[in-house]
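The residues of the chain are indexed from 1 along the displayed sequence. Just the heavy atoms: all of them, side chains too, but no hydrogens, waters or symmetry mates, feed the values below. What you see is a predicted model; the values in this text were computed from it and never measured.
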Amino acid sequence: MLKWEKTNETAFSAASRIVNLKISVQSYEKMLIDDTVTAHENTGKDKEELEGLCLQLLELLEKMQQIQLKMEKLTSTFKGVCDLEAYQCSGENPRPILFHTWPTTLFYETSLKMSEMYKKEISLKAMIVGEIAHTSDQDLLMVYLSCWLYQPYVDNSIKVLLESMLLETGHRPM
């Protein structure tokens with residue numbers, strides 16, 4: 001999650017620069033139409049900068065997708081542990097105590113919930129990356145930035161869930 005947050009912050013910065021560049025180019029083009037400013041050769045430089053920022057944002061999205069895939073693999077691992085535990089403890093055999101108070105199934109359910117949140121979020125971010133450089137509506141650009149920053153599919157309870165998992169496994173002192 002720390003890698004996700006750091007990458008998300010860097011990607012937001014790149015997306016913000018894309019939006020600011022697009023807005024300044026649109027303002028410049030409007031002033032050209034209104035004849036309030038003379039034309040100069042800055043548009044080629046702006047297009048190159050926009051392309052570079054879009055490539056950077058795409059690379060950061062790919063990093064975020066890799067992080068999300070790791071979350072899915074962890075969820076799959078938890079599912080495997082749950083299945084193994086269910087197989088070994090069928091009948092009268094007691095379930096082994098692997099964690100302080102949580103059963104293994106709760107780890108799987110929590111991991112699945114977290115993975116699904118990030119899966120939805122990554123699909124939103126992929127849509128934003130595909131649209132941000134081609135959108136001319138400033139309001140829509142601001143909505144894209146807000147969605148990127150506030151991550152609507154990632155619930156605020158996720159940090160509590162992660163801390164609980166760390167406490168249960170002993171990775172965080174009680």
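Clustering ILVMFWY residues whenever any of their side-chain heavy atoms sit less than 4.5 angstrom apart, transitively, puts Val154 in the very cluster that holds Met127. Under the 4.5 Å side-chain heavy-atom criterion for grouping Ile, Leu, Val, Met, Phe, Trp and Tyr, Trp102 is not connected to Leu84 through any hydrophobic cluster. No chain of hydrophobic side-chain contacts below 4.5 Å, direct or via other Ile, Leu, Val, Met, Phe, Trp or Tyr residues, connects Ile67 to Leu74. In terms of hydrophobic clustering, with Ile, Leu, Val, Met, Phe, Trp and Tyr side chains grouped at heavy-atom distances under 4.5 Å, Leu55 and Ile132 are assigned to different clusters. Hydrophobic clustering keeps Leu69 apart from Met71 (ILVMFWY residues linked when any side-chain heavy atoms are closer than 4.5 Å, directly or through intermediates).
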Return all side-chain donor-acceptor pairs below 3.5 angstrom for residues 114-124, not counting sequence neighbours, or 'none' if the list is empty.
from	atom 1	to	atom 2	distance (Å)
Glu121	OE1	Tyr153	N	3.0
Glu121	OE2	Lys125	NZ	3.1
Ser123	OG	Lys120	O	2.7

Identify all side-chain donor-acceptor contacts of residues 156-167 below 3.5 Å with residues at least two apart in sequence or on another chain.
from	atom 1	to	atom 2	distance (Å)
Ser157	OG	Asp155	OD2	2.9
Glu163	OE1	Arg172	NE	2.9
Glu163	OE2	Arg172	NH2	2.8
Ser164	OG	Val160	O	2.9

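Although no hydrogens or angles enter the test, the distance criterion places a donor-acceptor pair under 3.5 Å between the side chain of Ser146 and the main chain of Met142. The backbone N or O of Ser111 lies less than 3.5 Å from a partner atom in the side chain of Thr75, making a donor-acceptor pair. Distance alone, capped at 3.5 Å, places no donor-acceptor pair between the Lys22 side chain and the Ser136 backbone.
When side chains are defined from C-beta on, Phe78 does not count as touching Thr105, because their heavy atoms never get closer than 4.5 Å. Using a 4.5 Å cut-off on side-chain heavy atoms (C-beta onward), Phe107 and Leu112 make no contact. In this structure, the side chains of Met64 and Lys3 stay at 4.5 Å or more apart for every pair of heavy atoms. Two residues are said to be in side-chain contact when any heavy atoms from C-beta on lie closer than 4.5 Å; Trp148 and Val129 meet this criterion. Residues Gln56 and Arg17 form a side-chain contact, since some pair of their non-hydrogen atoms from C-beta on lies under 4.5 Å apart. Annotation: side chain of Leu2 is not in contact with side chain of Lys6 (no heavy-atom distance under 4.5 Å). A 4.5 Å side-chain heavy-atom check between Ile23 and Val19 finds at least one atom pair inside the cut-off. Within the 4.5 Å cutoff, no side-chain heavy atoms of Thr104 are placed close to those of Glu109.
A donor and an acceptor atom, one from each side chain of Thr101 and Glu168, are located under 3.5 Å apart. Between the side chains of Trp4 and Gln151, at least one donor-acceptor pair of N or O atoms lies under 3.5 Å.
Within 6.0 Å of the CD atom in Glu62, the count of heavy atoms belonging to other residues, nucleotides or ligands exceeds 12. Other residues, nucleotides and ligands place no more than 12 heavy atoms under 6.0 Å from the CD atom of Glu51. Enclosure of atom NE2 in His171 is not indicated, since only 12 or fewer non-hydrogen atoms of other residues, nucleotides or ligands lie within 6.0 angstrom.
Residues passing the ring-ring contact (aromatic ring centres under 6.0 Å, His included) test with Tyr144: none are found, sequence neighbours excluded.
We find the CG-CE distance between Asn8 and Met1 to be 11.0 Å, quoted to the nearest 0.5 Å. Of the inter-residue distances, the one linking Leu106 atom CG with Lys113 atom NZ reads 10.5 Å to the nearest 0.5 angstrom. To the nearest 0.5 Å, atoms CD (Gln65) and CG (Leu58) are separated by 8.0 Å. Annotation: the span from Thr77 atom OG1 to Tyr108 atom OH amounts to 11.5 Å, rounded to 0.5 Å. Separating the OG atom in Ser13 from the CG atom in Leu149 is a distance of 11.5 Å, to the nearest 0.5 Å. Going from atom CD1 of Ile128 over to atom CD1 of Ile18 covers 11.0 Å, rounded to the nearest 0.5 Å.
Minimum interatomic distance between Leu57 and Ala14 (heavy atoms only, all atoms of both residues): CD1-CB, 4.3 Å. Taking each heavy atom of Pro152 and Cys147 in turn, the nearest pair found is CD-O, 3.3 Å.
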Does the pair Phe99 and Thr169 meet the rule for a side chain to side chain contact (heavy atoms under 4.5 Å, CB included), with working shown? CA-CA 6 Å; Phe99 308 107; Thr169 59; 3.7 Å; yes
